[in-house]
Amino acid sequence: MLKEIKYLIFTIITFLFLFFTGKYYFSDEFKKKSYRSLNNINNKIENYSSKLPVLESDTNNVVEYVKQNTKKKKKFNFWKLLDDDKD
């Protein structure tokens, strides 16, 4: 009897927690606060980005081309080794 009452109380507490959490997050008040917060973040990003200094590019002629090596690479016969192993 005590065990069933304990499970009933746990179930009721869980249900109430989920109900009030959902009620809060789907309320108009939360949506307004959320929108205002996102709007404030966008304004802060715009203000911060307008104050950033723009640096000139100093990467002209930094690429050095290397002469290609004309030696042939050794061919590996991995699949042939597997085929020979099956015989």
- Query: What residues join Leu52 in its hydrophobic cluster, counting side-chain heavy atom gaps under 4.5 Å, either direct or through other members?
  - Reply: Tyr48
- Note on the structure: Students should find that the hydrophobic cluster of Ile41, defined by side-chain heavy atoms under 4.5 Å apart, otherwise consists of Ile45
- When rounded to the nearest 0.5 angstrom, what distance separates NZ in Lys3 from NZ in Lys6? 7.0 Å
- Query: Apart from Ile12 itself, which Ile, Leu, Val, Met, Phe, Trp or Tyr residues share its cluster (side-chain heavy atoms under 4.5 Å, direct or through members)?
  - Reply: Leu8, Leu16, Phe19, Phe20
- Residues that, via side-chain heavy atoms closer than 4.5 angstrom, fall in one hydrophobic cluster with Ile5: Met1, Ile9, Ile13
- Item | With Leu18 via side chain to side chain contact (heavy atoms under 4.5 Å, CB included) - residues at least two apart | Thr14
- Message: Tyr25: which residues meet the ring pair (Phe, Tyr, Trp, His ring centres under 6.0 Å) condition with it, sequence neighbours left out?
- Response: Phe30
- Task: Hey, could you give me the CG/CG distance between Asn43 and Leu38, rounded to the nearest 0.5 Å?
- Result: 11.0 Å
